[in-house]
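Worksheet: the structure to be examined is printed underneath.
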Amino acid sequence: MKQTTKLSTGQQQEHSAETRTVKTTAQEFKNVEELLRHDAAQTPVPSEIARRLNQSAAETPVPRRPWWRRILG
């Protein structure tokens, strides 16, 4: 007996996304930093998080110059 399934559009998209991820080729990285950079380049940042991060960075005060730089110029 053959079973047929009806998938909604969302389920079809999820299934096709899973299929695409399975077909990706394996990559080898030299170190952890390289892996993290690759992952960061592939992962989009949600807009709300990006907005909050930019706001937080803008509110951070600029650090004072070290005493030796102020004296020596």
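These values consider heavy atoms only, across backbone and side chains, with no hydrogens, waters or symmetry-generated copies.
- Sparse packing is recorded around CZ of R69, with 12 or fewer heavy atoms of other residues, nucleotides or ligands lying under 6.0 Å away.
- The shortest non-hydrogen separation linking E34 to E28 is OE2-O, 4.3 Å.
- Between the side chain of D39 and the backbone N or O of L35 there is no donor-acceptor pair closer than 3.5 Å.
- For R70, the CZ atom is densely surrounded, since the number of other residues' heavy atoms within 6.0 Å is greater than 12.
- For E48 and R51, the salt-bridge test passes: some basic side-chain N is under 4.0 Å from an acidic carboxylate O.
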